[in-house]
K.L.:
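Questions regarding the structure given below will be posed in turn.
Computed from heavy atoms alone, side chains included, the values below leave out hydrogens, waters and symmetry copies.
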Amino acid sequence: MSETLSGSIEHVTFHNPENGFAVLRVQAAGRRDLVTVVGNLPSIAAGEFIHATGSWVQDRAHGLQFKATELRVTPPHTPEGIERFLASGLIKGIGPHYARKIVETFGERTLAVIDESIAFLKEVKGIGARRLERIRESWQEQKAVRKIVIFLQAHGVGTARAVRIWKTYGERAVELVQENPYRLATDIWGVGFQTADELAVRLGIDRNSPLRARAALRYVLQELSGQGHVGYPEAAVVQQTAELTGIDPGIVAAAVEAGRTEEELVREAFSSAKPQAAPEDSPWLYLKPLFLAEIGIARALAQLQAGGHPLPAIKTEAALSWIEQRMGLELAPTQREAIRQAATSKVLVITGGPGVGKTTIVRGILEIFAYKGLRCALCAPTGRAAKRLQETTGREASTIHRLLEYEPGVGGFKHGRDLPLEYDLIVVDEASMVDVVLMNQLLRALPDSACLVLVGDVDQLPSVGPGAVLSEIIRSQAVPVVRLTEIFRQAERSWIVRAAHQVNHGELPESAPAGQGDFYFVAADTPELVIDRIVTMVRERIPAKFQLDPLRDVQILTPMNRFELGTRNLNERLQAVLNDRGGPQVQRHGWTFRVGDKVLQTVNNYQKEVFNGDIGRVQGIDEEEQLLTVDFDGKRVPYDFGELDELALAYALSIHKSQGSEYPAVVIPLHMQHFMLLQRNLLYTGITRGKKLVVLVGSKKALATAIQRQDTRHRTTALAWRLRGLIDSDES
């Protein structure tokens with residue numbers, strides 16, 4: 001039998017903004033002690049007044065609770081409730097101190113004053129123009145966001161992205177979403193097609209609507225690009241879209257034509273003077289930006305190679321001897337050949353595994369160019385990779401994004417075709433990580449007179465983004481390539497280097513004798529035992545034996561995100577062990593963030609100049625201003641609580657996310673639970689991330705499986721074919 005309950009919220013024990021589930025401590029009318037109320041609310045704050053309909057239940061773990069089937073909220077109406085409401089941190093610029101002072105001044109009229117005559121807050125000592133403006137903006141935002149949240153939840157959609165929706169669409173948010181809910185999947189990061197589709201159904205949009213077909217088609221192509229494909233056979237795209245939605249393939253085909261007419265999609269039917277060289281399964285469909293990026297890379301490389309070399313004619317053998325003297329070493333034959341190539345080729349690829357001397361070649365090339373007074377730029381896809389490049393060469397290096405100088409106001413890079421970079425040589429390290437979009441942006445900014453040297457390990461995982469740029473350039477045979485295979489004597493002493501090459505050759509890696517090396521395999525057959533061993537290593541053994549800081553120096557890398565040995569569970573376990581401190585914390589999107597936490601940026605944010613894969617530490621949480629601050633290698637970046645979906649805990653990372661980074665110590669769990677992703681290049685990439693120590697923890701069966709299985713998935717990209725075609729046409 002349903003009952004009703006009313007009262008003031010004293011404390012919000014838990015609230016999940018994604019589904020609205022809340023656990024509240026309430027001072028209910030007619031009851032002496034606080035009661036626990038559980039139910040669903042779009043947003044909530046201490047001090048607000050609730051009216052609940054439901055029933056009392058005895059929870060085995062938490063005792064007596066009022067389980068609400070319906071919850072309604074009204075603003076607080078007593079001075080005490082208003083003060084708690086304002087002190088909750090919901091309104092930026094008002095914390096406990098100012099909440100008390102404001103309520104002392106305006107009493108029960110406080111919320112009406114803020115809503116209707118906010119300028120009167122200047123009467124409160126300490127509230128100046130800047131704080132008043134923050135309060136005004138936050139109050140209006142809360143009203144607008146709550147309106148969006150109520151709208152979304154009324155139609156069965158989670159509310160976690162409401163702040164982003166409001167910031168993107170402003171006051172017209174509800175109106176715009178009602179007109180075309182599918183725009184959410186395109187415009188709002190974190191909202192996928194499925195969520196938008198559920199909303200569209202509830203809003204009455206026809207299941208066979210052309211609007212739905214277009215959105216589904218775009219979603220399928222975006223999902224394919226997320227798997228690394230640049231384009232994809234059109235027949236397969238139409239089939240996947242039809243299967244996803246139940247829409248007739250004829251309607252999907254019409255959506256393809258509409259997308260082409262509006263220049264959202266591109267169809268390419270391959271033809272060639274040598275048909276056998278053309279990609280199979282013609283024609284392909286592309287999202288237009290990816291098509292233009294791939295075309296742009298091919299044309300830019302061909303144009304770059306056609307230009308004159310900036311380096312004046314030199315006596316190469318004398319220059320090589322001079323480099324050896326200057327660097328105090330003897331170059332191997334392959335290293336000498338690479339430097340010779342750089343002195344004559346406009347574009348050069350240098351590839352090879354760890355310990356084969358790639359850095360020595362780069363240093364030698366830089367010595368020649370710098371001695372001749374030419375301008376050199378060093379860059380890499382990630383901040384950590386750029387920092388390592390700077391350390392190994394002794395010369396300044398930056399990320400590709402910073403080299404190109406992103407301009408938030410313009411929404412693009414400063415340097416491009418109209419304003420090229422003013423360098424004679426550009427060296428790109430960790431080039432296997434660079435996807436088609438970023439490589440195209442970089443090549444657009446290179447003057448025709450410049451040289452380009454791409455350095456990377458083609459046997460590592462390909463880029464997270466679409467394409468396989470480095471391997472396609474190598475496969476095309478359109479650019480000189482130096483592949484290094486010889487491991488140098490100093491590197492041979494590293495068990496990590498030895499293990500990496502053994503794995504890459506399909507052999508079981510050799511573990512160092514106890515306490516006498518830097519690579520170890522520790523057997524553990526169950527997921528529970530793997531986790532226990534990892535926790536013990538990180539918390540006790542590695543710090544004691546190797547004097548490494550468990551937070552700063554040790555990185556857990558795992559093949560997957562899901563299951564017990566996935567990133568989410570490992571992060572929660574390691575956070576509890578390494579950072580179970582008190583003080584302020586904030587819960588968003590399934591994560592609890594605390595000061596001191598190691599966090600990962602999961603999306604490119606050009607305004608903040610932080611990028612997917614950057615790792616930092618939480619430096620502060622300001623509940624009053626609703627800001628969390630992260631330190632990224634000395635750069636402090638603030639995040640509004642509504643932006644925390646861009647962050648995840650980083651005690652454990654996927655191996656994919658670790659690309660381009662190097663850590664003093666790496667611990668990798670390996671178990672048959674990871675079966676779908678147990679592959680040679682994944683394990684090889686993980687091992688090569690470790691600098692001083694690598695430990696594999698898991699079953700021998702999983703290790704053997706990873707080594708035996710090659711990644712046979714082919715990324716659908718035509719870059720090699722395009723490059724080959726351009727070279728053939730030049731030769732003819």
Side-chain angles (χ1 to χ4, degrees), residues 3-104 108 110-111 138 142 145-146 149 153 159-160 580-595 621-628 641-642 644:
E3 298 182 44
T4 60
L5 179 147
S6 299
S8 174
I9 299 171
E10 294 292 314
H11 179 65
V12 179
T13 303
F14 175 79
H15 182 243
N16 183 344
E18 296 185 40
N19 57 23
F21 178 73
V23 179
L24 312 171
R25 295 289 284 166
V26 176
Q27 183 62 68
R31 290 183 175 266
R32 178 183 301 175
D33 298 325
L34 296 180
V35 299
T36 299
V37 177
V38 296
N40 287 76
L41 283 163
S43 62
I44 194 69
E48 292 185 296
F49 200 84
I50 63 163
H51 300 276
T53 302
S55 57
W56 293 96
V57 297
Q58 186 70 38
D59 186 89
R60 289 170 59 185
H62 303 290
L64 189 64
Q65 299 178 337
F66 189 84
K67 189 172 183 179
T69 54
E70 182 183 345
L71 271 176
R72 290 184 293 112
V73 176
T74 58
H77 51 268
T78 66
E80 294 80 11
I82 294 170
E83 183 178 333
R84 277 196 301 276
F85 173 70
L86 294 179
S88 68
L90 193 69
I91 309 302
K92 296 177 189 177
I94 303 179
H97 173 70
Y98 282 105
R100 185 177 66 255
K101 294 180 74 173
I102 291 170
V103 173
E104 285 175 355
E108 294 179 1
T110 295
L111 297 184
S138 183
Q142 285 301 321
V145 168
R146 184 166 289 205
V149 163
Q153 204 166 61
T159 60
D580 189 20
R581 64 171 74 187
Q585 61 182 36
V586 56
Q587 292 179 331
R588 286 294 188 280
H589 307 284
W591 296 112
T592 297
F593 297 106
R594 301 170 182 148
V595 173
I621 296 174
D622 188 329
E623 294 173 310
E624 179 176 312
E625 296 295 332
Q626 295 185 49
L627 286 176
L628 179 146
F641 283 2
L644 294 182

K.L.:
Identify, with sequence neighbours excluded, every residue that meets side chain to side chain contact (heavy atoms under 4.5 Å, CB included) alongside Glu80.
P.N.:
Thr78, Arg84

K.L.:
Mind listing the closest non-hydrogen atom pair of Ala99 and Ala87 along with its distance?
P.N.:
CB-N, 3.7 Å

K.L.:
Sequence neighbours left out, what passes side chain to side chain contact (heavy atoms under 4.5 Å, CB included) with Glu70? Give chain and number order.
P.N.:
Thr53, Arg72

K.L.:
Nearest 0.5 Å please: distance from the CZ atom of Phe85 over to the CD1 atom of Ile9.
P.N.:
10.0 Å

K.L.:
Using 0.5 Å steps for rounding, measure from the CD1 atom of Ile102 to the CD1 atom of Ile94.
P.N.:
4.0 Å

K.L.:
Name all residues meeting the ring pair (Phe, Tyr, Trp, His ring centres under 6.0 Å) criterion together with His51; count only those two or more places apart in sequence or in a different chain, and write none if there are none.
P.N.:
Phe49

K.L.:
Does Glu623 have any side chain to side chain donor-acceptor pair (under 3.5 Å) partners at least two apart in sequence or in another chain, and if so, which?
P.N.:
none

K.L.:
Compare every heavy atom of Ala52 with every heavy atom of Leu71, then report the nearest pair and how far apart it is.
P.N.:
CD2-CB, 3.5 Å

K.L.:
Nearest 0.5 angstrom please: Ser138 OG to Glu625 CD, how far?
P.N.:
8.5 Å

K.L.:
At their closest point, which heavy atom of Ile621 faces which heavy atom of Phe593, and how far apart are they?
P.N.:
CD1-O, 3.5 Å

K.L.:
Only counting residues at least two apart or in another chain, list the ones meeting side chain to side chain contact (heavy atoms under 4.5 Å, CB included) with Pro79.
P.N.:
Val103, Glu108

K.L.:
Taking the side chain as everything from C-beta on, heavy atoms only, tell me whether Pro76 gets closer than 4.5 Å to Leu111.
P.N.:
yes

K.L.:
How long is the span from the CZ atom in Arg100 to the CD atom in Glu104, to the nearest 0.5 Å?
P.N.:
6.0 Å

K.L.:
Please give me the minimum heavy-atom distance between Gly54 and Phe66, naming the atom from each residue.
P.N.:
N-CZ, 3.4 Å

K.L.:
Return the CD to CG distance between Gln626 and Leu644, rounded to the nearest 0.5 Å.
P.N.:
10.0 Å

K.L.:
Name the atoms and distances for all side-chain donor-acceptor pairs under 3.5 Å in residues 21-34, with sequence neighbours left out.
P.N.:
{"residue": "Arg25", "atom": "NH1", "partner": "Thr36", "partner atom": "OG1", "Å": "2.8"}
{"residue": "Gln27", "atom": "NE2", "partner": "Arg31", "partner atom": "O", "Å": "2.9"}

K.L.:
Show every salt bridge (charged side-chain N to carboxylate O under 4.0 Å, His left out) that has at least one partner inside residues 34-51, sequence neighbours left out.
P.N.:
Glu48-Arg146

K.L.:
Identify the heavy atoms of Ala68 and Val37 that sit nearest to each other, and give their distance.
P.N.:
CB-CG1, 4.4 Å

